[in-house]
Amino acid sequence: MHELLVAPTDKPLFLLGNEAIVRGAAEAGVRFVAAYPGTPSSEIIDRFSQLGPEAGIYVEYSVNEKVSMEVACAAAVSGVRSLCAMKHVGLNVAADAFMTLAYVGVKAGMVIVVADDPLLHSSQNEQDSRSYAKMAGIPMLEPATPEEAYRMTLEAFTISEKFGTPCMLRTTTRVNHCRGPVSVGPIARHEKKPGTFVKDPFNLVVIPAVGRKLRLAQIERVKKLQAESEKSAINFTSGKGLLGIITSGVSWLHAQEAVRGLEIESSVRILKLAFTNPCPKALVREFLATVEKVLVVEETEPFLEEAVRIVAQEAKLPVEIAGKGDGLIPRAFELDAVKVKSAISNFFDVPFERPDGIPAPELPQRPPNLCPGCPHRATYYSVKKVFGNEAIYPTDIGCYTLGVLPPLKAADFLICMGSGVSTAGGFSTVLDRPVVAFIGDSTFFHAGIPGLINAVAHGHKILLVILDNGTTAMTGHQPHPGVELTPAGKVEPRVSLEKLVRGCGVQRVAVVNPLQVKKTQEVLTDFKEKMDESGVSVLISKSPCPLYETRMLKKKKKVVFQVGEEPCKPCGRDCLTVLGCPAFSVEASGEGGERVRIDEALCSGCSVCSQICDSIKPKKLP
Amino acid sequence: MRIFFTGVGGQGTLLATRFVGEAALEEGLAVLMSEIHGMAQRGGVVESSVVIGNGLSPTIADGEADIVVAFEPLEAARALPKCNPKSIVITGITPILPFTVTIGQSAYPDRDSLFGMIRPLVSKLLEVDADGIAKSSDAQRSSNVVMIGVLAGTGLLPISRGSWERALKKLLPENLIDQNLRAFESGFKAGFETA
């Protein structure tokens, strides 16, 4: 039995926030789950994928977040409880579906998990997705801990079903990737029955006349939801005193720790909000009336703070309010207890001695890097050899974005998934320089196809390199439509990348294995010569992610590469300064001399280095 | 009690952190653990934290770590801003060269001077030859568990021996339990002796 499906005992489970959400949804009888992976939300779909068959839940890795929301809403409209999960920027992709689904609503509970990433641990921005819930007029819950994530997932299904609207469960990295005790309940045996769909086009097909009607209904629904948030037990007050704090999510934990650390527990009241959209205005008003000053403690945007200021203005309350507006609570990046203590100390005028900080010493950096044997490194090496620094390299989102770092330096522009190919078209139109765009296989399926069709339709002079490592590597090797390696061995892909590219109208298409350096560079050189002609070229650079391949095929390493006994010839050391494989290092040799060494344990045996340097030889392993 | 863990991708930092969290839970303590995923397999720094006690924030602010467990010397130094003069630092002694060093862009600092820099700034620095201890316990791949054994052996955490062992057994597959119990045992002894 999957560890997340165990029966409850008197001992809590020690769960990641993401696992707690999965458990909560399983207890709520979710039957349909869809997502595209994205940190910090990925473990939700990964765990569902593991336990789906056993629990009788349909689980799919959708091709992107918009698709995941659409397939999941169809289930919910057919009376089947559904869930989709995404990172914050995934909601941008799904926003079109999201905004109008909020009109149409659902028949069974539907939970949309949106995981924000303050401090941009693994993201391109730190947008505060709470504004989306407000914009769409849908209910939103903000858990602070794994325990709350579990309970609020159950609650979200109830609210969604009661009001016929999807409910957003908004988390942040420190909830998704926090592990804590969760006291779980039983997983009821839900009867597996087919969904039911009642034809009702004048409520379900959003032509303008229907949209107008639904818009008015949505406004009424928001009023009812507000009444619900007013009486919700997940919004609560604790402590007593004339100093007030209003907070939500993980900021609540920072605030509690700060209040305790400053020893002002006897004079502070905390309003902890979790049902944060629609704002429980009466509850906030009552709270404001009992305190003299209020500090709003929240991460990133002043979402609660603005709501609180509106309540104070409407009720003409003289209470003093502080937060982001005054710069007391920083707007950028994550909060912590010290930042909150500092704000409290300033605003409530209580003494706070900052701990004696120890300044960060000057140390060599340890940036993440493409793994040894990563085929992306080989592709970048060959592309840079052929196109040099003159070309513009729009890139995309995945492991291969690490190619931005020296020595590869193969990335010039990036804003979001799919932007590589579309921006390449724009650059090629206004610049008199070669443009070579990079995109990964999973990202191409996710958001690259419209950009490619656009480039073909408009004759943009670009070379698109699809870095096809056969998996969604960055987020943990999730499958995509072109997957060939599965636990059962090698299979025909459901969707062939090459046929898809040709189907988009691309005339010049080649597939190479980037680990064959000479061949790859020949094809690239040929493409370069033809790039003056109008039109798009696509190079599918295909070689599986070695980590994924090892795991799927249980392949054992048969060969590694070593620098020969002879000291290497004095050269520009392409291996170090251009290829930059982490298995390489420089060590002292002889009197003040240096030689290049390859770490046998790290070497994956990809052979790329041996194709660029004669001193590097294979060594067979037993 | 706030414990900050830092290491390099591949050192087993997250498993070690979870071990501490599970042991605290076995002991019936309030515990939250925070981890950052995503770059673990790509040679970057991996940081995580365990806080034991009610109503505490799951992250550790600068200057607020009671204990730092570093699996690599350079990362022990990089974690200094998390420390204050009362902090205790437990560090592994085997350097893992960052990529910037191996390609000759920067130099790895002399280990003794790294430790010499840390020692006067904190209340105690424990240098642990985790790889050596693991090897001599016939548990080569369990250096991370040795480090947690040392932490347990110091007696700094209110967690009983039984809870530690139950947590380890809960966390690992059957075939790995014996070697890891050996690693834990040896680490525990080393920690106990230095405390």
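Here is how names work: the chains are called A, B, and so on, in the same order as the sequence lines, proteins then strands, and each is numbered from 1. Heavy atoms only: backbone and side chains are in, while hydrogens, waters and symmetry mates are out.
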key: Step-by-step side-chain contact (heavy atoms from CB on, under 4.5 Å) determination, A:Phe14 to B:Met33   = CA-CA 10 Å; A:Phe14 192 44; B:Met33 168 187 161; 4.1 Å; yes

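- Within a 6.0 Å radius of CZ in B:Phe192, no more than 12 heavy atoms belonging to other residues, nucleotides or ligands are found.
- Heavy atoms closer than 4.5 Å to chain B are found in both the backbone and the side chain of A:Pro12.
- For chain B, the nearby parts of A:Pro181 are the backbone and the side chain; heavy atoms of each come within less than 4.5 Å.
- Neither the backbone nor the side chain of B:Ile60 comes within contact range of chain A; no heavy atom of the residue lies under 4.5 Å from a heavy atom of that chain.
- Neither the backbone nor the side chain of B:Ala30 has a heavy atom closer than 4.5 Å to any heavy atom of chain A.
- Other residues, nucleotides and ligands contribute at most 12 non-hydrogen atoms within 6.0 Å of the CD atom of A:Glu362.
- The minimum heavy-atom distance between B:Leu114 and A:Leu363, with the atom names listed, is CD2-CD2, 3.9 Å.
- Side chains of A:Arg179 and B:Leu32 form no contact here, defined as non-hydrogen atoms less than 4.5 Å apart.
- You'll find the side chain of A:Lys11 reaches within 4.5 Å of the side chain of B:Glu26, heavy atoms only.
- Within the model, atoms OG1 of B:Thr102 and CD1 of A:Ile598 stand 12.0 Å from one another, a figure rounded to the nearest 0.5 Å.
- Among B:Ser87, B:Ala24, B:Cys83, B:Ala79, the residue making the largest number of heavy-atom pairs under 4.5 Å with chain A is B:Cys83.
- Residue B:Glu35 holds its CD atom at 11.5 Å from OG1 of A:Thr173, rounded to the nearest 0.5 Å.
- Atom OG of B:Ser57 is separated from atom CZ of A:Arg260 by 11.5 Å, given to the nearest 0.5 angstrom.
- With respect to chain B, the highest number of heavy-atom pairs below 4.5 Å among A:Ile358, A:Val340, A:Leu253 belongs to A:Ile358.
- In this structure, the portions of B:Leu74 lying under 4.5 Å from any heavy atom of chain A include both its backbone and its side chain.
- Annotation: maximal heavy-atom pairing with chain B below 4.5 Å, among A:Ser585, A:Ala337, A:Ala258, A:Pro364, occurs at A:Pro364.
- One finds the CG atom of A:Asp336 at 7.0 Å from the CG atom of B:Asp62 (value rounded to the nearest 0.5 Å).
- Salt bridge A:Arg366/B:Glu72: present, at least one basic N to carboxylate O contact under 4.0 Å.
- Chosen from B:Ser106, B:Gly63, B:Pro98, the residue pairing most often with chain A at heavy-atom distances under 4.5 Å is B:Pro98.
- With respect to the salt-bridge test (charged N to carboxylate O, under 4.0 angstrom), the residues A:Arg354 and B:Glu64 do not qualify.
- For A:Pro406, the parts lying under 4.5 angstrom from a heavy atom of chain B are both the backbone and the side chain.
- Comparing B:Lys86, B:Glu75, B:Met117, B:Lys82 by heavy-atom pairs within less than 4.5 Å of chain A, the highest count is held by B:Glu75.
- One finds the OG atom of B:Ser48 at 12.5 Å from the NE2 atom of A:His177 (value rounded to the nearest 0.5 Å).
- Neither the backbone nor the side chain of A:Lys339 comes within less than 4.5 Å of any heavy atom of chain B.
- Heavy-atom neighbours of chain A within the stretch residues 125-160 of chain B, taken at a separation under 4.5 angstrom, are nonexistent.
- Residue B:Val31 touches chain A through both its backbone and its side chain, counting heavy-atom pairs closer than 4.5 Å.
- Contact of A:Val250 with chain B is made through the side chain alone, with heavy-atom distances under 4.5 Å.
- Put simply, of B:Leu80, B:Thr100, B:Asn84, the one with the most heavy-atom pairs under 4.5 Å next to chain A is B:Leu80.
- Between the NZ atom in B:Lys170 and the CD atom in A:Glu3 there is a gap of 10.0 Å [rounded to 0.5 Å].
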